[in-house]
J.: 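Let me begin by handing over the structure; questions about it come next.
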Amino acid sequence: MSGHDAREASGTPAAAVAGRLRITEIFHSIQGEADAIGWRTVFVRLTGCPLRCVWCDTEYAFHGGNWHAIDDILAEVATHGAKHVCVTGGEPLAQKRCLILLRKLCDAGYEVSLETSGALDVSAVDPRVHKVMDLKAPGSGESARNLWSNLDHLLPHDQVKIVIASRADYEWACAVLAERTLADRCMVLFSPVWSKVEPRELAEWIIADKLPVRFQLQLHKLLWNDARGK
Ligand code: SF4
């Protein structure tokens, strides 16, 4: 769901939501993936996503949520005393004002990461933000949504994540890695879909093929068996 759609669905007049974002949850946990894994982190989960990946583990963020003023979000983030903040969803960039939140978090001195689907334009994201951008493999059902021009807006501190649900997804990921020279752009993460690919199997494929990628398991699933962390 786009931010516009989310606003209409809520029945809230446009004037009342200026400077606000629709938020599913703000919580304090341990970063479970990507380059900031293991850091105590405040997560800001924006409501709504225009994609429907078949293995999505955050469907509860598709609808609902509550409007929060951006300055109130910053105030709540500050109460947790963490250096790292992760803006996630849903698809956070579906709400245009997410860009303002990202900039204000950077201005406040946080280490900011953005988890995004790779389907929406990332070119206007503040360059201080560490983008963790998915490329959707065929097993997601949303591979046609990959916005390939986004690759040109990745910075060396960003990360591309490919979630792998089968050997066919793995072979797709290997082809993209080579054809798009992904590893020359930034760190590339390969992650198994929980319960679809044995983690050890994916690890052994990566070793056998000598890939320049980083294998990852989602730490929050190991710790809490939960997409939200704690
Ligand atoms: S992009 Fe993310 S939130 Fe949206 S359906 Fe896919 S996995 Fe779920």
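Reckoned from all heavy atoms, side chains included, excluding hydrogens, waters and symmetry mates. Indexing begins at 1, ligand by ligand and atom by atom, following the structure's order.
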J.: Counting only protein atoms, how many N/O/S atoms are less than 2.8 Å away from atom 6 (Fe) of ligand 1?
T.: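 For atom 6 (Fe) of ligand 1, the figure is 1.
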J.: Going hydrophobic residue to hydrophobic residue with side-chain gaps under 4.5 angstrom, can you get from L99 over to I73?
T.: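 Yes, because L99 and I73 connect within a single hydrophobic cluster, where side-chain heavy atoms sit under 4.5 Å apart.
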J.: Among side-chain atoms of H28 and R40, is any donor-acceptor pair under 3.5 angstrom?
T.: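 Distance-only check passes for H28 and R40.
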J.: Determine, for D158 against R185, whether the closest basic-nitrogen to carboxylate-oxygen distance falls under 4.0 angstrom.
T.: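 Answer for the salt bridge query: no.
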J.: Less than 4.0 Å between a side-chain N and a carboxylate O, is that true for D72 and R20?
T.: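 Result for this pair is no, no salt bridge flagged.
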J.: Taking the side chain as every heavy atom from C-beta outward, state whether T41 and I30 have any atom pair closer than 4.5 Å.
T.: no
J.: Any idea how Y170 and F190 line up, ring-wise: parallel (<30°), tilted (30 to 60°), or perpendicular (>60°)?
T.: perpendicular
J.: Does the pair K161/E33 count as a salt bridge with the N-to-O cut at 4.0 Å?
T.: yes
J.: Mark up the atoms of ligand 1 that fall under 4.0 Å of a heavy atom belonging to G90, in ascending order.
T.: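 In order of numbering, the contacting atoms are 3 (S).
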J.: Taking only heavy atoms of F62, which atoms of ligand 1 are found under 4.0 Å from at least one of them?
T.: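 Matching atoms, with element in brackets: 5 (S).
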